[in-house]
2 protein chains.
Amino acid sequence: MKIKRHAKILEILDQHAIETQEELAEKLKEAGFDITQATISRDIKEMKLVKMMDASGRYRYSKYRDEAVPVNERMMNVFREAVTHIDYAGNIVVVKTLSGMAHAAAVTVDLTEWSEIVGCLAGDDTIFILLKTEQTAMELVSNLKKYIK
Amino acid sequence: MKIKRHAKILEILDQHAIETQEELAEKLKEAGFDITQATISRDIKEMKLVKMMDASGRYRYSKYRDEAVPVNERMMNVFREAVTHIDYAGNIVVVKTLSGMAHAAAVTVDLTEWSEIVGCLAGDDTIFILLKTEQTAMELVSNLKKYIK
DNA sequence: AACAAACATGCATAATTATACCATAGTTGT
DNA sequence: ACAACTATGGTATAATTATGCATGTTTGTT
């Protein structure tokens with residue numbers, strides 16, 4: 001049910017200016033989902049939705065507009081095969097790979113054209129990716145994690 | 001002081017994982033800005049900052065990554081000269097211009113390459129811009145308002 | 001099927017955030 | 001200089017959101 005509810009939430013946010021979680025709960029109830037504000041709070045966290053001021057000066061929940069890292073088929077394959085762990089510290093993202101695979105994985109990272117990536121260095125089983133800010137490092141981790149395991 | 005504080009806030013958000021407004025208030029105090037959580041709340045609204053789950057599963061304040069509408073010199077000029085009012089209803093943005101100027105302004109909108117813009121129709125002093133969703137209509141209004149008056 | 005483990009969600013409430021109201025300081029026009 | 005605005009921001013508190021705990025539900029395993 002959670003999946004369907006999440007889909008419905010996106011639909012509702014696109015169609016109505018939702019200012020509070022209670023309001024969203026209302027709409028969901030109208031749509032036949034019987035849930036409480038607590039669940040909405042968890043959904044919002046999980047779905048990475050955000051509350052921000054809109055053009056009319058009021059608050060509004062909306063999708064976070066994610067600047068996705070452009071990935072290609074090769075990168076997806078290499079990551080699925082070779083990457084074991086991804087994390088970051090400050091503005092550096094650290095990618096751990098199976099032994100000897102770091103170089104191959106790093107090449108695919110180099111090939112992306114994400115302007116926030118300053119540079120990328122591979123050892124035997126570790127890659128350091130230098131980003132412009134911690135904020136973007138966090139986003140890169142979030143993006144890359146989709147492709148591992 | 002507000003301007004400087006806002007700049008400092010952006011700097012802090014890039015350097016630290018800030019989970020609450022109180023935490024941000026702390027950092028600002030360390031930096032010599034003597035303010036309270038209430039002010040932060042107002043700043044966050046005004047600056048359109050958002051709280052969302054980060055890669056580690058915790059909350060974090062960050063900039064909203066805005067997909068800016070690509071504007072050119074001509075558009076900025078036309079808007080400054082001719083556009084009097086911008087608003088939206090549902091997924092349609094309505095731009096009011098001085099009499100007879102709508103066409104000129106609409107042409108510059110047509111020339112932007114924002115994929116969310118479905119189409120654009122001009123009368124004598126009014127333009128209708130059709131967007132894909134209300135959400136993007138809201139964002140377009142927010143973006144265009146920077147260029148009028 | 002029986003059970004364990006993982007997941008989902010309500011309830012109550014703690015934690016956090018937004019804002020009404022007020023005071024003060026800065027600006028503007030006369 | 002002075003009144004009238006406007007902008008800023010604190011205080012107190014209302015409003016909203018997050019979450020610990022308990023319970024029910026689903027999933028996977030033997």
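In what follows, every chain begins at residue 1, and chains take the letters A, B, ... in the order their sequences are listed.
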task = Any chance you could lay out the salt bridge (charged side-chain N to carboxylate O under 4.0 Å, His left out) test for A:Glu26 and A:Lys29, step after step, and finish with the verdict?
result = CA-CA 5 Å; A:Glu26 286 299 307; A:Lys29 276 174 189 159; 5.1 Å; no
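For B:Lys51 and B:Tyr59, the positive end sits near the middle of the six-membered ring, less than 6.0 Å away and at most 45° from its axis.
Counting only N and O atoms by type, the side chains of B:Asn77 and B:Arg74 include no donor and acceptor under 3.5 Å apart.
The outermost nucleotides of DNA chain D lying under 4.0 Å from heavy atoms of chain B, listed 5' to 3', are D:dT8 to D:dT19.
More than 12 non-hydrogen atoms from other residues, nucleotides or ligands lie less than 6.0 angstrom from CD of B:Glu30. By the 6.0 Å contact criterion, CZ on B:Phe128 is open, its count of non-hydrogen atoms from other residues, nucleotides or ligands being 12 or less.
Using a 4.0 Å heavy-atom criterion, one finds that B:Ser41 contacts the bases of the nucleic acid, with or without backbone contacts as well.
Near DNA chain C, defined here as any heavy-atom distance below 4.0 Å, the residues from residues 26-37 of chain A are A:Asp34, A:Ile35, A:Thr36, listed numerically. Remark: A:Lys45, A:Lys51 in residues 43-58 of chain A come within less than 4.0 Å of DNA chain D through at least one heavy atom.
Each of B:Lys2 and A:Glu22 lies near DNA chain D, and the nucleotide nearest B:Lys2 is the one positioned closer to the 5' end.
Between A:Arg5 and C:dT9 there is a side-chain polar atom (N or O) within less than 4.0 angstrom of OP1 or OP2.
Here CG of B:Asp125 is found 6.0 Å from OG of B:Ser99. Values are rounded to the nearest 0.5 Å.
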